[in-house]
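Read the structure below first, then the notes.
Keep in mind that this is a model prediction, so the values were computed, not measured.
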Amino acid sequence: TVSEPISFFDQVIRNFDKAASLTSHPAGILEQIKQVNSVIHFCFPIKRDDGSVKVMHGWRAEHSQHKLPTKGGIRYAMTVNEDEVMALAALMTYKCAIVNVPFGGAKGGIRLAAHEYSQGELERITRRYAFELFKKNFIGPGLDVPAPDFGTGPREMAWIADTYASLAPHDINALGCVTAKPVSEGGIAGRVEATGRGVYYGLREVCSIAEDMRALGLSPGLEGKRVVVQGLGNVGYHAAKFLQEEGGAVVVGAVEYEGAIAKPKGIDVEALMAHRRASGSILGFEGATDLASRELGLELDCDILIPAALENAITMDNVPRIKAKIVAEAANGPI
């Protein structure tokens with residue numbers, strides 16, 4: 001039977017309640033922790049290159065202001081809505097708390113498909129979004145510090161930092177209003193690959209525990225482990241690259257929005273990325289098989305599956321067909 005979909009935020013609450021039931025904290029305190037403190041939704045017009053006007057929808061949620069600044073990415077995707085930013089902001093709070101990073105959780109986004117806009121249009125959209133956040137006190141070095149997420153990167157962070165600095169000329173810490181700026185704009189070397197590298201380190205540690213590997217019928221270490229990656233953006237690409245180059249793992253499948261491919265003997269990640277840049281697709285890669293649908297990519301026979309795209313990749317509907325022994329969540333809420 002096909003399960004009834006529940007909202008992303010409700011999924012987060014359900015997992016929170018499951019974990020909280022194992023603690024002795026008062027119900028009222030737990031109820032407060034669950035709440036999203038502040039959410040803003042605004043609309044603004046943008047003039048497109050052809051002279052037409054398009055109304056954009058943007059959001060920012062600050063789940064918890066118990067530690068400042070709040071921290072969380074800005075997403076450019078057609079899926080962006082209030083429920084999604086609330087859920088992602090809550091997950092940011094819990095992620096920071098679990099690893100003892102003293103930030104509250106936040107998240108933002110604009111509903112758009114980035115590939116449908118020119119660079120000039122994206123700059124106008126991004127700067128106007130930053131202006132709206134500033135005007136409503138939803139951005140600032142000690143207040144709320146965005147970062148890249150799906151559809152955004154160092155370029156967008158540079159636009160936001162520049163916009164904020166022009167609006168707050170007396171703020172000596174103005175460039176601290178976002179993280180993941182280009183190195184030339186005050187960013188930190190190594191930031192671009194940090195998330196994917198972190199996925200690699202996490203898997204390296206997990207696979208080093210012999211008794212856990214024995215329980216899965218696997219040998220210790222990453223060497224020779226068969227990996228499937230969903231999403232070859234910043235996170236998925238670097239995770240696959242480090243697993244292949246430093247861990248000796250074999251990338252046997254890749255999934256992107258245009259489709260999925262399989263190559264049991266191993267995919268050279270750099271060669272695949274070059275093929276995608278040249279052709280605009282991972283399909284048709286030399287020596288690989290194009291699968292009938294991208295969903296089938298998640299169901300490939302492998303040792304490690306890395307969902308590094310959007311939420312809800314693995315659901316009650318497809319989980320019985322997932323063959324991976326280890327799922328490394330490199331996206332936000334992919335299960």
Next on the checklist: Within the 4.5 Å heavy-atom criterion, are N234 and P148 side-chain neighbours or not?
Outcome noted: no

Checklist entry - Ion pair present between E211 and R214, side-chain N to carboxylate O less than 4.0 angstrom? => result no

Next on the checklist: Please determine whether a side-chain nitrogen of the Lys or Arg among R276 and E256 lies less than 4.0 Å from a carboxylate oxygen of the Asp or Glu.
Outcome noted: yes

Checklist entry - According to a 4.5 Å side-chain heavy-atom criterion applied to Ile, Leu, Val, Met, Phe, Trp and Tyr, with indirect links allowed, do L243 and L300 form part of one hydrophobic cluster? => result no

Checklist entry - Which heavy atom of V178 sits nearest a heavy atom of V145, and at what distance? => result CA-CG1, 3.7 Å

Checklist entry - Would you say the side-chain atoms of K225 pair up with the backbone N or O of G221, donor to acceptor, closer than 3.5 Å? => result yes

Next on the checklist: By the ring-ring contact (aromatic ring centres under 6.0 Å, His included) test, which pairs, at least two apart or in different chains, include something from residues 55-90?
Outcome noted: H41-H57, H41-W59, H63-Y94

Next on the checklist: For K323, is there an ion pair with E299 - N to carboxylate O distance below 4.0 angstrom?
Outcome noted: no

Item to check | Minimum heavy-atom distance N312-T315, with the two atoms named | outcome: O-CG2, 3.6 Å

Next on the checklist: Please check: side-chain N/O of S21 versus main-chain N/O of K18, any donor-acceptor pairing under 3.5 Å?
Outcome noted: yes

Checklist entry - Does the cation-pi check pass for R48 over Y117, that is, NZ or CZ under 6.0 Å from the six-membered ring centre and within 45° of its axis? => result yes

Next on the checklist: Which residues pass the side chain to side chain donor-acceptor pair (under 3.5 Å) test with E311, not counting sequence neighbours?
Outcome noted: R75

Checklist entry - In terms of hydrophobic clustering (I, L, V, M, F, W, Y; side-chain heavy atoms under 4.5 Å; direct or indirect links), are M92 and V85 co-clustered? => result no

Checklist entry - Around atom CD1 of I188, are there more than 12 heavy atoms of other residues, nucleotides or ligands at under 6.0 Å? => result no

Next on the checklist: Do the side chains of E156 and R127 get close enough for a salt bridge, i.e. N-O under 4.0 angstrom?
Outcome noted: no

Checklist entry - Do D268 and L272 touch side chain to side chain, with heavy atoms closer than 4.5 Å? => result no

Next on the checklist: For D144, is there an ion pair with K107 - N to carboxylate O distance below 4.0 angstrom?
Outcome noted: no

Checklist entry - L296 and L305: same hydrophobic cluster, using ILVMFWY side-chain contacts below 4.5 Å? => result yes

Item to check | Donor-acceptor under 3.5 Å (N100 side chain, C96 main chain) | outcome: no

Checklist entry - Quick one: are the ring centres of Y129 and F42 less than 6.0 Å apart? => result yes

Checklist entry - Mind checking whether V206 and D212 have side chains closer than 4.5 Å, heavy atoms only? => result no

Checklist entry - Is it true that L218 and V327 fall in one hydrophobic cluster, defined by side-chain heavy atoms closer than 4.5 Å? => result no

Checklist entry - Can the positive tip of R60 be found less than 6.0 Å from the middle of the six-membered ring of F138, inside 45° of the ring normal? => result no

Item to check | Nearest atoms (heavy-atom pairs only) where A309 meets A331 | outcome: O-CB, 3.2 Å

Checklist entry - Can you name the closest pair of heavy atoms from V255 and R294 and give their distance? => result CG1-O, 3.5 Å

Checklist entry - For atom NZ of K136, is the number of surrounding heavy atoms from other residues, nucleotides or ligands below 6.0 Å larger than 12? => result yes

Checklist entry - Do L222 and S208 have side-chain heavy atoms sitting under 4.5 Å apart? => result no

Next on the checklist: Show, in sequence, the C-alpha distance, side-chain angles and deciding distance for R197 and E246, and conclude whether the salt bridge (Lys or Arg N to Asp or Glu O under 4.0 Å) test is met.
Outcome noted: CA-CA 10 Å; R197 192 187 281 277; E246 296 184 24; 3.7 Å; yes

Checklist entry - Can a salt bridge be assigned to the pair K54 and E121 using a cut-off of 4.0 Å between side-chain N and carboxylate O? => result no

Next on the checklist: Looking at H238 and G233, would you say the former's side chain and the latter's main chain have a donor-acceptor pair under 3.5 Å?
Outcome noted: no

Next on the checklist: Could you tell me if T70 and Q65 have a donor-acceptor pair between their side chains, going purely by distance under 3.5 Å?
Outcome noted: no

Next on the checklist: With a 4.0 Å cut-off on N to O distance, would you call D303 and R226 a salt bridge?
Outcome noted: yes

Checklist entry - Any idea which heavy atoms bring H25 and L30 closest together, and the distance? => result O-CD1, 3.7 Å

Next on the checklist: Is there a side-chain contact between I306 and V227 in this structure, where contact means two heavy atoms from C-beta onward sitting under 4.5 Å apart?
Outcome noted: yes

Checklist entry - Any donor and acceptor pair, going by atom type alone, linking the side chain of E223 with main-chain N or O of A249 inside 3.5 Å? => result no

Next on the checklist: Does either side chain, that of Q32 or that of Q35, offer a donor lying less than 3.5 Å from an acceptor on the other one?
Outcome noted: no

Checklist entry - Looking only at atom types and distance, does a side-chain atom of N173 sit under 3.5 Å from a main-chain N or O of G176, one as donor and one as acceptor? => result no

Checklist entry - Between D290 and L283, is there a donor-acceptor pair closer than 3.5 Å when you use the side chain of the first and the backbone of the second? => result no

Checklist entry - Are I46 and L133 co-members of a hydrophobic cluster defined by side-chain heavy atoms under 4.5 Å apart? => result yes

Checklist entry - In terms of side-chain heavy atoms, does S52 have a donor or acceptor partner in K47 at a distance below 3.5 Å? => result no

Checklist entry - Are any of the side-chain heavy atoms of M157 and I160 separated by less than 4.5 Å? => result yes

Next on the checklist: Which heavy atom of A328 sits nearest to which heavy atom of P307, and what is that distance?
Outcome noted: O-CD, 3.1 Å

Checklist entry - With a 4.0 Å cut-off, would you call K34 and D17 a salt bridge? => result yes

Next on the checklist: Starting from L310 and following side-chain heavy-atom contacts under 4.5 Å between hydrophobic residues (I, L, V, M, F, W, Y), which residues can be reached?
Outcome noted: F150

Item to check | Backbone N/O of L175 and side chain of K181: donor-acceptor pair under 3.5 Å | outcome: yes

Item to check | K263 atom NZ, over 12 foreign heavy atoms within 6.0 Å | outcome: yes

Checklist entry - With distance as the sole test, does N332 use its side chain to make a donor-acceptor pair with the main-chain N or O of L88 at under 3.5 Å? => result no

